[in-house]
Q: 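First the structure, then my questions, so here it is.
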Amino acid sequence: MFSTKAPVRQNFYLALKYFLVLYSSMMQHFTSANDVKDLPGLLGMALDMKKNPARYQTALQGKTLGMLFFNPSLRTRMSTEKAALNMSMNIISLDADRGWNLEFEDGVVMDGAKAEHVKEAAAVMSQYCDVLGVRSFATLTDREKDYQDYVIQKFRRHASVPVISLEGAILHPLQSLTDWITIETYKQKTAPKVVLSWAPHPRALPQAVPNSFLEWMGKTNYELVVTHPAGYELNERFTKGVRIEYDQRKAFEGADFIYAKNWSNYEDYGKVLNTDASWMVDAEKMALTNRAKFMHCLPVRRNQIVADEVLDGQDSIVIPQAGNRVWAAMAALQLVLS
Ligand code: CP
């Protein structure tokens with residue numbers, strides 16, 4: 001028998017689906033600088049949180065932060081937990097790297113090792129938490145997938161609460177907001193010269209920190225320079241308009257901040273093609289700068305990336321820089337939950 005109810009029901013579900021897609025796209029996430037409409041406002045809030053933490057003591061009382069770690073963390077985990085505690089939040093953490101094998105592909109026959117799809121997992125966790133933080137590093141084997149920030153984007157799509165990146169495949173926004181707070185705290189002039197310098201490392205590292213640093217610093221009025229060996233160019237999406245200087249010493253001249261970081265090759269994706277020790281940051285190179293502050297996101301390999309004399313020196317600010325992770329996380333939580 002012909003029924004008029006089926007098309008009505010179909011239209012209802014279609015409308016519901018579009019509403020959920022629209023709602024999800026309108027939600028305030030924190031996975032890139034481009035998620036934030038008012039970047040100076042966010043920086044101002046973070047600096048105010050640093051100055052007046054007591055003012056925010058109950059700002060997010062009763063809210064629950066869920067954190068999923070597909071990769072390990074010291075700073076991001078502890079600082080984000082501390083930030084949530086500072087604002088009276090509850091915290092649930094899941095070490096997703098310990099045998100929690102999630103399927104991310106759509107339309108697959110799940111007859112392998114993966115027992116749960118991100119669609120259910122994200123939807124279920126959204127019922128327990130008001131915000132989800134996700135850490136998932138680059139594969140360093142599949143550039144196309146990595147540069148979609150695949151895992152973070154899947155959570156954005158399937159969660160019904162805001163998503164905060166705790167470092168994705170290509171971006172680390174909490175680190176970059178931290179770096180901005182740190183530079184603003186230490187700068188002696190309105191537009192300091194900030195140099196991002198590649199440095200050698202024995203293992204293949206992702207490009208998330210340098211990409212993200214350039215993304216965020218590119219939105220400031222700082223004089224931004226990136227220096228690396230030829231062949232270590234980052235994705236143009238992040239270096240567009242940024243001065244690239246292949247002579248590290250020349251790049252360091254007159255710099256106010258040196259930010260050292262290793263990254264693996266972008267063109268020959270994920271490979272370590274250069275371990276040239278002469279790119280390590282040492283006192284002789286720092287002497288070329290305008291008494292620059294030395295920064296690194298940590299963890300850092302001593303006497304590979306940077307010489308002890310610099311890391312332990314008076315101009316190293318890596319410890320207060322890591323301390324600023326708390327204010328960045330507080331600002332991000334307040335942003336997505338307010
Ligand atoms: N800088 C940073 O993200 O440190 P962790 O890997 O320890 O979180």
Side-chain angles (χ1 to χ4, degrees), residues 30-33 46 50 65-86 91-98 131-140 146 149 151-152 155 163-183 185-186 194 196-199 201-217 234 238 257-264 270 281 293-302 304-306 311 316-333:
F30 187 81
T31 61
S32 151
K50 182 173 178 164
L65 163 68
M67 294 204 289
L68 282 93
F69 289 91
F70 291 93
N71 302 97
S73 164
L74 186 157
R75 277 145 291 272
T76 306
R77 184 175 193 140
M78 292 188 72
S79 62
T80 309
E81 282 197 19
K82 175 70 176 153
L85 291 171
N86 281 356
I91 304 153
I92 303 172
S93 288
L94 190 63
D95 289 321
D97 54 341
R98 289 195 194 158
V131 51
L132 285 177
V134 181
R135 164 165 284 205
S136 177
F137 288 168
T139 62
L140 292 183
D146 284 347
D149 216 357
V151 173
I152 301 285
F155 272 95
V163 172
I164 291 184
S165 168
L166 303 175
E167 186 173 345
I170 53 159
L171 294 171
H172 194 354
L174 282 174
Q175 181 65 54
S176 307
L177 176 55
T178 298
D179 300 336
W180 196 18
I181 295 166
T182 308
I183 293 173
T185 308
Y186 281 91
V194 177
L196 171 65
S197 178
W198 183 91
H201 194 283
R203 292 186 54 224
L205 297 188
Q207 293 136 16
V209 170
N211 285 343
S212 199
F213 186 74
L214 294 178
E215 184 189 63
W216 284 71
M217 294 304 113
L234 290 160
F238 303 104
F257 293 89
I258 299 294
Y259 196 110
K261 184 73 186 89
N262 172 269
W263 58 88
S264 58
V281 178
K293 298 294 180 201
F294 176 81
M295 298 175 70
H296 189 281
C297 61
L298 303 182
V300 68
R301 290 197 182 218
R302 285 174 172 262
Q304 284 268 311
I305 296 270
V306 55
L311 195 57
S316 170
I317 55 170
V318 297
I319 302 302
Q321 180 186 356
N324 286 334
R325 294 292 307 261
V326 174
W327 319 115
M330 279 176 70
L333 287 166

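One-based numbering, in listed order, for ligands and for the atoms of each.
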Q: Show me which atoms of ligand 1 lie under 4.0 Å from any heavy atom of Leu298.
A: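 That gives atoms 1 (N), 2 (C), 4 (O) of ligand 1.
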
Q: Suppose I only count heavy atoms of His172 and a 4.0 Å limit; which atoms of ligand 1 are within that range?
A: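 Those qualifying, in numeric order: 2 (C), 3 (O).
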
Q: Which residue and atom name correspond to the protein heavy atom nearest atom 2 (C) of ligand 1, and how close is it?
A: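 The protein heavy atom lying closest is Arg325 NH1, 3.4 Å.
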
Q: Run the side chain to side chain contact (heavy atoms under 4.5 Å, CB included) check on Lys261 and Cys297 step by step: do they pass?
A: CA-CA 8 Å; Lys261 184 73 186 89; Cys297 61; 3.8 Å; yes

Q: Salt bridge or not for Asp97 and Arg135, using N-O below 4.0 Å?
A: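 Salt bridge: no.
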
Q: Evaluate the side chain to side chain donor-acceptor pair (under 3.5 Å) criterion for residues Gln175 and Asp179: first the C-alpha distance (whole Å), next the side-chain angles of each, then the deciding distance (0.1 Å), finally the verdict.
A: CA-CA 6 Å; Gln175 181 65 54; Asp179 300 336; 2.9 Å; yes

Q: Could you check Glu81, Glu167, Arg325 and say which one makes a side-chain hydrogen bond (donor to acceptor under 3.5 Å, both in side chains) with Thr76?
A: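 Among Glu81, Glu167, Arg325, the one meeting side-chain hydrogen bond (donor to acceptor under 3.5 Å, both in side chains) with Thr76 is Arg325.
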
Q: Relative to the heavy atoms of Leu74, which atoms of ligand 1 are at a distance of less than 4.0 Å?
A: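 Listed by number with element: 5 (P), 7 (O), 8 (O).
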
Q: Which bit of Leu174 gets closer than 4.0 Å to ligand 1, counting heavy atoms only: side chain, backbone, both or neither?
A: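 For Leu174, no heavy atom sits under 4.0 Å from ligand 1.
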
Q: Going by the angle between their ring planes, with limits at 30° and 60°, are Trp263 and Trp198 parallel, tilted or perpendicular?
A: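 Plane angle over 60°, so perpendicular.
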
Q: What protein heavy atom sits nearest atom 6 (O) of ligand 1, and how far off is it?
A: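 For atom 6 (O) of ligand 1, the nearest protein heavy atom comes out as Arg135 NH1, 2.9 Å.
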
Q: Which heavy atom of the protein is the closest neighbour of atom 4 (O) of ligand 1, given with residue, atom name and distance?
A: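 Scanning the protein heavy atoms, the shortest distance from atom 4 (O) of ligand 1 goes to Arg75 NE, 3.0 Å.
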
Q: Taking N or O atoms only and a 3.5 Å limit, does Arg77 qualify as a polar contact for ligand 1?
A: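 Checking ligand 1 against Arg77, no N or O pair falls under 3.5 Å apart.
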
Q: Take Phe213 and Tyr259 through the test ring-ring contact (aromatic ring centres under 6.0 Å, His included) and record every step on the way to the result.
A: CA-CA 9 Å; Phe213 186 74; Tyr259 196 110; 4.3 Å; yes

Q: Would you say Pro299 has any N or O atom under 3.5 Å from an N or O of ligand 1, going by distance alone?
A: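 For ligand 1, there is no N or O atom that lies under 3.5 Å from one belonging to Pro299.
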
Q: Where on Gln321 is there a heavy atom closer than 4.0 Å to ligand 1, on the side chain, on the backbone, on both, or on neither?
A: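 It is neither; nothing of Gln321 touches ligand 1.
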
Q: Could you tell me whether a side-chain N or O of Asp146 sits under 3.5 Å from a main-chain N or O of Ala169, the two making a donor and an acceptor?
A: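 Judged by distance alone, no pair lies under 3.5 Å.
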
